[in-house]
Amino acid sequence: ILYNKQLLTERNDSSAVFIFSPQQLGIPYMDIEYTLSDSTQLRGWMAVDTTRMQAPLLLIIPDITEGAISYIPTLKQFCDRGFNVCVINLRGQGNSDGEYYTPGITSAKDVIQLIHSLRKMPFIDNVALMGVGTGAGVVMKLMGDSLPANVLILQNPPVSLSRYFHEAAIQEWGEYILPLLPAFLRSYKDKTGVNVEAYDYSQIVKNVRVPHMIVA
C-alpha cells in the first residue's frame, strides 16, 4: 500500500492514523475495477454525490510517485461540492495490474477506454480530467487525437519527461546517479516502449483542443 504524508490525520489522543479507504472519511463511494481490452485491470474509487440524479464527473490521474490512495481527502472535498469523483491507478501503479507504469500513449488509451465506460453511468453529466505531474502528461497526450473530456486541469505538469526523470533521480539518489541515468532510461525504454526524450510536454500541450487550466 502506498502511504502519503497528506493522508495522516490526528486523533484526539494525538496518535497518527493512516487513511487507506474512503470509508474512513465517511465518503459515499464505490470500488472501481475496470478491465481494459487486453484484460489488464485498473483499480480505484469513485465518490458519488447521492443528493443528485446527475452531476459532473472529475476523473483524477495521479502522478507516477503517487496513487489513488493519495487522493482520498480530495475525493471528499470535491464530492462535498457536488461532483462525482473518480481516482484511478494506471497500469503498473498502486493496486492496478501491469508490471510497468507507462506515462505515454498506452496509459492515454487506457484512460480513454475508462472514460467511455464511465460516461455510460446514468448519474454522470459532463467529464473533467485532472492530471497531476506525469498524470498531467498522460492527460495532455490523450487529448491530442480525440476529445473524451469537456475540460482539463493540469496540475504541476512537467516541462518534459526527460527533465522530470532527471530531477526526480537527483532528488531521490543525489547527483552521483547522473552517470548511470542514460543507462536507466534506455532500460526503461526497452521495457515500456516509452522514449523519454520524445515527451516534450511544453509542445504537446499546444495540441490540446479543449478548455484547460494549468495550476501549480
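- Ring geometry for F83 versus F78: interplanar angle over 60°, hence perpendicular rather than tilted (30 to 60°).
- Side-chain contact check for I214 versus I153: every heavy-atom pair is 4.5 Å or farther apart.
- Residues A68 and P62 share a closest heavy-atom pair of N-CG, 4.1 Å.
- Using a 4.5 Å heavy-atom threshold, the side chains of L59 and M130 count as separate.
- Between the CG atom in L185 and the CG atom in L161 there is a gap of 8.5 Å [rounded to 0.5 Å].
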request  = For R43 and I32, run side-chain contact (heavy atoms from CB on, under 4.5 Å): C-alpha distance rounded to whole Å, both residues' side-chain angles, the deciding distance at 0.1 Å, then the answer.
outcome  = CA-CA 5 Å; R43 297 179 177 89; I32 296 294; over 6 Å; no

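- Aromatic ring centres of Y188 and F165: separated by under 6.0 Å.
- No continuous path of hydrophobic side-chain contacts links L118 to V151 [ILVMFWY only; heavy atoms under 4.5 Å].
- A side-chain hydrogen bond (donor to acceptor under 3.5 Å, both in side chains) with Y101 is found for one member of T106, T65, T192, T134 and no other, namely T134.
- The side-chain tip of K141 points at the ring of Y199 from less than 6.0 angstrom away and within 45° of straight on.
- Using modelled atom types, one finds a donor on one side chain and an acceptor on the other under 3.5 Å when comparing D63 with Y164.
- In E33, the CD atom is crowded: over 12 heavy atoms of neighbouring residues, nucleotides or ligands sit closer than 6.0 Å.
- A donor-acceptor pair under 3.5 Å is absent between the side-chain atoms of Q171 and the main chain of A168, judged by distance alone.
- Between the side chain of D110 and the main chain of L90, no donor-acceptor pair closer than 3.5 Å is present.
- Atom CD1 in I61 sits 9.0 Å away from atom OG in S107 (nearest 0.5 Å).
- S162 and E197 make their closest contact through OG-OE2, 3.3 Å (heavy atoms, listed as atom of the first residue, atom of the second, distance).
- Under a hydrophobic clustering in which Ile, Leu, Val, Met, Phe, Trp and Tyr are joined whenever their side-chain heavy atoms come within less than 4.5 Å, directly or via other members, Y100 and I105 fall into different clusters.
- Residues Q113 and S37 meet the side-chain proximity criterion, which asks for heavy atoms closer than 4.5 Å.
- The pair D49-R81 does not count as a salt bridge, with every side-chain nitrogen at least 4.0 angstrom from each carboxylate oxygen.
- You'll find the side chain of V215 stays beyond 4.5 Å of the side chain of L154, heavy atoms only.
- Panel note: side chain E99, backbone G92; no donor-acceptor pair is recorded below 3.5 Å.
- Salt bridge D38/R91: present, at least one basic N to carboxylate O contact under 4.0 Å.
- Between I27 and A47, the shortest heavy-atom contact is CG2-CB, 3.6 Å.
- When all heavy atoms of P22 and W45 are compared, the pair lying nearest together is CD-CE2, 3.5 Å.
- Under the 4.5 Å side-chain criterion, counting only non-hydrogen atoms from C-beta, M140 is in contact with P157.
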request  = For Y29 and S21, run side-chain contact (heavy atoms from CB on, under 4.5 Å): C-alpha distance rounded to whole Å, both residues' side-chain angles, the deciding distance at 0.1 Å, then the answer.
outcome  = CA-CA 10 Å; Y29 79 100; S21 168; 3.6 Å; yes

Verdict with reasoning, C86 to L57, per side-chain contact (heavy atoms from CB on, under 4.5 Å) = CA-CA 7 Å; C86 181; L57 170 68; 4.0 Å; yes

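- Put simply, F20 and V87 are part of the same group of oily side chains (I, L, V, M, F, W, Y) that touch within less than 4.5 Å, one to the next.
- N126 contributes atom CG, which lies 9.0 Å from atom CD of Q54 (distance to the nearest 0.5 angstrom).
- For the pair T40/T35, no side-chain contact is recorded, criterion being any heavy-atom separation below 4.5 Å from C-beta on.
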request  = Before giving the answer on side-chain contact (heavy atoms from CB on, under 4.5 Å), spell out for H166 and L181 the whole-Å C-alpha distance, their side-chain angles and the decisive distance to 0.1 Å.
outcome  = CA-CA 8 Å; H166 183 278; L181 192 56; 4.0 Å; yes

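- Note: I170 CD1 to E167 CD = 7.5 Å, rounded to the nearest 0.5 Å.
- Between K76 and D80, at least one side-chain N (NZ, or NE/NH1/NH2) sits under 4.0 Å from a carboxylate O, which counts as a salt bridge.
- Atom NZ of K189 and atom CG of N195 lie 4.0 Å apart (nearest 0.5 Å).
- When every heavy atom of V210 is checked against every heavy atom of L152, the shortest pair comes out as CG2-CG, 3.7 Å.
- A 4.5 Å side-chain heavy-atom check between V85 and M46 finds every atom pair outside the cut-off.
- Linking ILVMFWY residues whenever their side-chain heavy atoms come closer than 4.5 Å, directly or via other members, leaves V159 and V205 in distinct clusters.
- Contact of the T74 side chain with the I60 side chain is registered, since non-hydrogen atoms from C-beta on lie closer than 4.5 Å.
- Panel note: side chain N156, backbone G133; no donor-acceptor pair is recorded below 3.5 Å.
- How far NZ of K191 is from OG1 of T102: 14.5 Å, rounded to the nearest 0.5 Å.
- In the hydrophobic clustering of ILVMFWY residues, with side-chain heavy atoms under 4.5 Å counting as a link, Y34 and F123 come out together.
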